Amino acid sequence: MAKKDKVSETPATALLRQHGVSFTEHPYEYLEHGGAQHSAQVLGMDPFSVVKTLIMQDQDAKPLVVLMHGNRKVSTKNLARQVGLKSIEPCAPEVANRHSGYLVGGTSPFATRRQMPVFIEETILALPRICINGGRRGYLVGIDPQVCVQLLDAKPVHCALAE
């Protein structure tokens, strides 16, 4: 069930507007632990084009952001190797919330509390449009994936595993 069509501004949408990025809004009924697969299903989208924002950390507990297809997992071993780190692992939800300034399930890569390096699965960049979290649970925004490179300086990596 889709909720109302207009959603109040978030730090993420404010940043997109500030940079003149056109985006579509896709509110939906949030489901705890539903993830990108749930939002894609509810919104009638391909989970491959729904991008999840994952807050991870390296061996020194330094945070980083990984953008991944909704129906793929991150190979942390491949990612660490490609970016020259010893290891990478997901942050605990409360740690991820502190780094991003968003609640897990509503994490947007835009306007995070902390500046963090951003890595994007390279096959996402080949898509014509993606839906990514707009900074609130139950709220995606549709954008051109190149916006992630332009605004976030996202570095393409190849670390997707089938889910």
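We count residues from 1, following the sequence as given. Just so it is clear, the structure is predicted and the values come from calculations on it, not from any experiment.
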- prompt: Would H33 and H38 count as a side chain to side chain contact (heavy atoms under 4.5 Å, CB included) if you check the C-alpha gap in whole Å, the side-chain angles of each, and the deciding distance to 0.1 Å?
  reply: CA-CA 9 Å; H33 304 296; H38 168 73; over 6 Å; no
message: With heavy-atom distances below 4.5 Å as the criterion, would you say the side chains of T53 and Y102 are in contact?
response: no
- request: Would you check if the side chain of R136 reaches a backbone N or O of P27 as a donor-acceptor pair within less than 3.5 Å?
  value: no
task: Output the distance between atom CG (L15) and atom CZ (R17), rounded to the nearest 0.5 Å.
output: 11.5 Å
message: So which atom in T13 and which in E9 form the shortest heavy-atom distance, rounded to 0.1 Å?
response: OG1-OE1, 2.9 Å
query: Do you reckon F23 sits in the same ILVMFWY cluster as V147, going by side-chain contacts under 4.5 Å, direct or chained?
result: yes
field: Joint cluster assignment, L152 & V66, ILVMFWY side-chain distance < 4.5 Å
entry: no
query: Judged by atom type as modelled, is there a donor-acceptor pair below 3.5 Å linking the side chain of R129 to the main-chain atoms of G142?
result: yes
- request: Give the intermediate values and the outcome of side chain to side chain contact (heavy atoms under 4.5 Å, CB included) for residues D58 and K86.
  value: CA-CA 7 Å; D58 68 11; K86 281 186 199 150; over 6 Å; no
task: Would you confirm whether S100, through its side chain, and T112, through its main-chain N or O, come within 3.5 Å as a donor-acceptor pair?
output: no
query: Can you tell me how far SG of C131 sits from CD of E25, rounded to the nearest 0.5 angstrom?
result: 11.0 Å
- line: The side-chain contact (heavy atoms from CB on, under 4.5 Å) partner of L64 among I55, V118, L85, L54 is L85
message: Are K155 and V83 packed together at the side-chain level, in the sense that at least one heavy-atom pair is separated by less than 4.5 angstrom?
response: no
Heavy-atom check, side chain of R114 versus side chain of R98, under 4.5 Å: no
message: With heavy-atom distances below 4.5 Å as the criterion, would you say the side chains of L127 and H69 are in contact?
response: yes
- prompt: Is a side-chain N or O of K52 found less than 3.5 angstrom from the main chain of R72, in a donor-acceptor match?
  reply: yes
Among S49, C148, P145, the one residue meeting side-chain contact (heavy atoms from CB on, under 4.5 Å) with I124: P145
message: Contact between F110 and I132 at the side-chain level, heavy atoms closer than 4.5 Å - yes or no?
response: yes
- prompt: Atom CD in E89, atom OG1 in T76: separation rounded to 0.5 Å?
  reply: 8.5 Å
- prompt: Taking C-beta and beyond as the side chain, do P156 and L125 meet within less than 4.5 Å on heavy atoms?
  reply: yes
task: For residues R113 and N97, report the shortest heavy-atom separation together with the two atoms involved.
output: NH1-O, 4.0 Å
- prompt: Counting N and O atoms only, with roles assigned by atom type, does the side chain of Q57 sit under 3.5 Å from a partner on the main chain of C91, one being a donor and the other an acceptor?
  reply: no
- request: Would you mind reporting whether N133 and T107 have side-chain heavy atoms less than 4.5 Å apart?
  value: no
task: Group every Ile, Leu, Val, Met, Phe, Trp and Tyr by side-chain heavy-atom contacts under 4.5 Å, then state whether V65 and L79 land in the same group.
output: no
task: For the pair R137 and L103, evaluate side chain to side chain contact (heavy atoms under 4.5 Å, CB included) and give the outcome as yes or no after the intermediate values.
output: CA-CA 8 Å; R137 289 175 170 178; L103 287 175; 3.9 Å; yes
message: On a heavy-atom basis, which atom in G134 and which in A12 lie closest, and how many Å separate them?
response: O-CB, 3.4 Å
message: Tell me if the NE2 atom of H19 is crowded by more than 12 foreign heavy atoms within 6.0 Å.
response: yes
message: Please tell me whether M116 and M68 are part of a single hydrophobic cluster in this structure, the criterion being side-chain heavy atoms less than 4.5 Å apart.
response: no
query: Is the number of heavy atoms from other residues, nucleotides or ligands within 6.0 Å of CD (Q115) greater than 12?
result: no
message: Please determine whether residues V104 and L31 belong to a single hydrophobic cluster, defined as Ile, Leu, Val, Met, Phe, Trp and Tyr linked transitively by side-chain heavy-atom distances below 4.5 Å.
response: no
query: Does the pair Q150 and V21 meet the rule for a side chain to side chain contact (heavy atoms under 4.5 Å, CB included), with working shown?
result: CA-CA 10 Å; Q150 295 155 0; V21 174; over 6 Å; no
- prompt: OG of S75 to CD of Q82: how many Å apart, nearest 0.5 Å?
  reply: 8.5 Å
message: Taking CD in Q41 as the centre, count heavy atoms belonging to other residues, nucleotides or ligands within less than 6.0 Å. Is the count above 12?
response: no
message: Rounded to the nearest 0.5 Å, what separates atom CD1 in I130 from atom CZ in F48?
response: 11.5 Å
message: I'd like to know if the side chain of D60 and the backbone of K62 have a donor-acceptor N/O pair within less than 3.5 Å.
response: no
Whether E121 side chain and A160 backbone form a donor-acceptor pair below 3.5 Å: yes
statement: Taken to the nearest 0.5 Å, the spacing of S108 OG from L16 CG works out to 7.0 Å
- request: State, yes or no, whether a side-chain contact exists between L67 and P109 at a heavy-atom distance under 4.5 Å.
  value: yes
